[in-house]
*Asks:* 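One structure is given below, represented as structure tokens, and several questions about it will come after.
These numbers were taken from a predicted model, which means no experiment stands behind them. Naming: A, B, ... by sequence-line order, numbering from 1 per chain.
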Amino acid sequence: MAEAETKDPEETRDFIRDIVRADLAEGRCDSVVTRFPPEPNGYLHIGHAKSICLNFGVAAEFAGRCHLRFDDTNPAKEEHEYIDSIQEDVRWLGFDWGRHIYFASDNFETLYGWACHLIRNGHAYVDDLSAEDTRKFRGTLTEPGKNSPFRDRPADENLDLFARMRAGEFPDGARTLRAKIDMASGNINLRDPVLYRILRAAHPRTGDSWCIYPTYDYAHGQSDAIEGVTHSLCTLEFADHRPLYDWLIDNLPTPSRPRQYEFSRLNLTHTVLSKRRLTLLVKEGHVAGWDDPRMPTLAGLRRRGVPPAAIRDFTRRIGLTKSDNTVEVAALEHCIREHLNRTAARRLAVLRPLKITIENYLEGQSEELEALNNPANPDAGTRQIPFSRELYIDRADFMEEPPKKFFRMSPGREVRLRYAYFVTCREAVKNEAGEVIELRCTYDPLTRGGNAADGRKVKGTIHWVSAAHALTAEVRIYDHLFARPDPGAEGDFLDGINPQALGVLQDCRLEPALGEAPAGEAIQFEREGYFCLDPDSKPGHAVFNRTIALRDSWAKTKGGK
RNA sequence: UGGGGCGUAGCCAAGUGGUAAGGCAGCGGGUUUUGAUCCCGCGAUCCCAGGUUCGAUCCCUGGCGCCCCAGCCA
């Protein structure tokens, strides 16, 4: 039922799928092999979801396969925690790499041998230039670089030096292995790019068995070739690297010839999607962690209660092109509401309780009323909700002096309590400070279930909960992490953090059926939004996260006035 | 004054020599025991200027604008 998702190659069309389709049709490859290649130096976010859905999606649609490969070539930044979280997040998103999990580090020995191959053919050399001098020799965007004085060392000397780099004879940064291409190229990536650097750092997988590590440019394409990847899909900023990608494949005895294609990365309003910035938010404590529900990380979205199917649908709807784009969060929010509306069970919960007393309802009496679990889905069945003399309604549903078009409770007005009775507010009781602390009401016994025997109508329907039967809970309300749509467009992006992004309501009252809510399951609190139980919950202290509010056109009219 | 990429509605995005899909947002209206959902309706001198053509968003030429690249990060 939730399978509105397509497996038909004709359904989703974009320039990448067109290329794959043509390659298959014209025999340039027998089957398609893609890969999702994260570096384990942070948590996955919704931008990665776009790439994951593309790579695994294309593989599934064309009956190929998609590998999960970790580009673990920089032990200075990588951690095992990330290797684990990435796998968990990809699985949660709904994808399965089967036995095809790989690590660039598995290829270190092969890569080393191929580097020697490059040296022997005069395609690479050991350079003694410091990092600073390397930069100086590289030239600028408009001026060509200069050849390193070490550029023309004989192959034997290079081979010897390279072996000694590996053996640990030189300090970090003392030498590099560079491809010998063209220091005058307009493409800076071709100005003798570094292939290996000396770096003494414990690697999450190879430990301290290496002190030289291949760079991305050297490891990535070769890993693709070793795995038999046919279509290496990456984001636009790597387009400049493609000539180098191809040059390496051309000059190495790789078992296959992968092709790289680039698409534009996702940008979303009201949040940040750069690993650097997300890491900063976590490390500096601006959020509670990578899985903070305000974060655009998959872990954060999961904890927030966003269904993975909504994310998949979102990535499909935004399309795939090479144009820079910033998608409005509203588009994501739409997908979330759409999926939740179909699946979430409905419950009544009062977030800001205001007590009301039904004066003509007998003290000590109570009854059970039947309520639909999901009006959109009859199969979801019904449940019983207790009703009694003392109830809670939301403070926002009462106004002593209501403006025009306010359909909720106010003195003298009759409204419907959902699934219960019509009630009329007779009096607002105030404290010394003049604040309304209780409403005295009467009910019409002939409206049980919410329909009047005489057919009279009522403008508003509000939710409620029986005071004596209610559960109390904490509810966390989330808003956009950044108030501006474009954080950091001017000044430090951290200054744009929305202080209102997290709001905590401590004294919420829930209908009893909510006592059985399993963690993570989406529930609609009627007239409020979609919520799910947070793992912070303890016995006797439930904590709910608001995944997303229901659309609220009343707030719009009210605010627009 | 180098190299690469991109310019179709507020935001995504199809299309392609014959006169502009769809989604999101917005705005109106209808249904409604969630002011939700659902349903209906409304928006484009296709970056600009020349040229080719019976006809150009699409082809050609020249502009303009935006993004990326000078890590021993990925």
*Asks:* Applying the ring-ring contact (aromatic ring centres under 6.0 Å, His included) criterion to A:F544, which one of A:Y530, A:F531, A:F525 satisfies it?
*Replies:* A:F525

*Asks:* Please classify the nucleic acid contact of A:S323 as base, sugar-phosphate, or nothing, using heavy-atom distances under 4.0 Å.
*Replies:* sugar-phosphate

*Asks:* Just by distance, no angles: are the side chains of A:D71 and A:H220 close enough, under 3.5 Å, to form a donor-acceptor pair?
*Replies:* yes

*Asks:* Between residues 189-206 of chain A and RNA chain B, which residues have a heavy-atom gap below 4.0 Å?
*Replies:* A:V194, A:R197

*Asks:* Which of residues 238-248 of chain A sit near RNA chain B, with a heavy atom under 4.0 Å from it?
*Replies:* A:F238, A:A239, A:D240, A:H241

*Asks:* Check nucleotides 39-42 of chain B against the protein and report each pair of N or O atoms closer than 3.5 Å, with its distance, or say if there are none.
*Replies:*
none

*Asks:* For a 4.5 angstrom cut-off between non-hydrogen side-chain atoms, does A:V229 reach A:T34?
*Replies:* no

*Asks:* Identify the pairs formed between an N or O of the protein and an N or O of nucleotides 15-17 of chain B at a distance under 3.5 Å, and give each distance.
*Replies:*
none

*Asks:* Partners of A:N374 by side chain to side chain donor-acceptor pair (under 3.5 Å), sequence neighbours excluded?
*Replies:* A:R346

*Asks:* Could you state the atom-to-atom distance from CZ of A:R138 to C1' of B:G3 in whole Å?
*Replies:* 15 Å

*Asks:* Among B:A70, B:A36, B:G5, find the nucleotide with the atom closest to the side chain of A:K322.
*Replies:* B:G5

*Asks:* Would you check if there is a donor-acceptor pair between the side chains of A:D208 and A:H203 at a distance under 3.5 Å?
*Replies:* no

*Asks:* Does NZ or CZ of A:R175 lie under 6.0 Å from the centre of the six-membered ring of A:F170, at an angle within 45° of the ring axis?
*Replies:* yes

*Asks:* Could you tell me whether A:R509 sits above the aromatic face of A:Y392, with NZ or CZ closer than 6.0 angstrom to the six-membered ring centre and within 45 degrees of the axis?
*Replies:* yes

*Asks:* Any idea which of B:A74, B:A13, B:C12 is nearest the A:N74 side chain?
*Replies:* B:A74

*Asks:* Answer with yes or no after comparing the ring centroid distance for A:H67 and A:Y102 against a 6.0 Å cut-off, counting only values under it.
*Replies:* yes

*Asks:* A:D14 and A:T321: side-chain donor and acceptor closer than 3.5 Å?
*Replies:* no

*Asks:* Give me each pair satisfying salt bridge (charged side-chain N to carboxylate O under 4.0 Å, His left out) with a member in residues 263-272 of chain A, each pair once, sequence neighbours excluded.
*Replies:* A:E237-A:R265

*Asks:* Restricting to pairs with a member in residues 330-339 of chain A, which pass salt bridge (charged side-chain N to carboxylate O under 4.0 Å, His left out), not counting sequence neighbours?
*Replies:* A:R317-A:E338

*Asks:* Can you work out whether A:T326 or A:R346 has the more 5'-proximal nearest nucleotide on RNA chain B?
*Replies:* A:T326

*Asks:* By the rule that syn is within 90° of 0, classify the base conformation of B:G65 as syn or anti.
*Replies:* anti

*Asks:* Atom CZ of A:F103 and atom P of B:A74: how far apart are they, to the nearest Å?
*Replies:* 16 Å

*Asks:* Of all the nucleotides listed (B:G2, B:U34, B:A36), which has the minimum atom distance to the side chain of A:I188?
*Replies:* B:G2

*Asks:* Any donor-acceptor pair under 3.5 Å linking the side-chain atoms of A:Y216 with those of A:N74?
*Replies:* no

*Asks:* With the sugar-phosphate defined as primed atoms, P, OP1 and OP2, and the base as all remaining atoms, what B/S/- string results for nucleotides 21-26 of chain B, 5' to 3', for protein heavy atoms under 4.0 Å?
*Replies:* --SSSS

*Asks:* Once pairs are restricted to Watson-Crick or G-U wobble with both distances under 3.5 Å, how does RNA chain B read as a dot-bracket string, [ ] for crossings and | for other-strand pairs?
*Replies:* .((((((..(((.....[...))).(((((.......)))))....(((((..]....))))))))))).....

*Asks:* Should the pair A:F103 and A:F70 be assigned to parallel (<30°), tilted (30 to 60°) or perpendicular (>60°) ring geometry?
*Replies:* parallel

*Asks:* Using only heavy-atom distances, decide whether a donor-acceptor pair under 3.5 angstrom links the side-chain of A:Q524 to the base of B:U34.
*Replies:* yes

*Asks:* Would A:R69 pass as a cation-pi partner of A:F36, given that its NZ or CZ must be under 6.0 Å from the six-membered ring centre and within 45 degrees of the axis?
*Replies:* no

*Asks:* Taking salt bridge (charged side-chain N to carboxylate O under 4.0 Å, His left out) as the cut-off, I'd like each qualifying pair that reaches into residues 322-332 of chain A, sequence neighbours left out, listed once.
*Replies:* A:E262-A:K322

*Asks:* Is the base of B:A74 stacked against the aromatic ring of A:Y216, taking ring centres under 5.5 Å apart and planes under 30° as the test?
*Replies:* no

*Asks:* Do the ring centers of A:Y218 and A:Y196 come within less than 6.0 Å of each other?
*Replies:* yes

*Asks:* Just to verify, what does A:N187 make a side-chain contact (heavy atoms from CB on, under 4.5 Å) with, not counting sequence neighbours?
*Replies:* A:S185, A:N189, A:L190, A:D240, A:P243

*Asks:* Can you pull out the residues from residues 165-176 of chain A that lie within a 4.0 Å heavy-atom distance of RNA chain B?
*Replies:* A:G173, A:T176

*Asks:* Using a 6.0 Å distance limit plus a 45 degree cone around the ring axis, check whether A:R418 lies over the aromatic ring of A:W464.
*Replies:* no

*Asks:* With salt bridge (charged side-chain N to carboxylate O under 4.0 Å, His left out) as the test, pick out the partner of A:R383 among A:E511, A:E368, A:E370.
*Replies:* A:E511

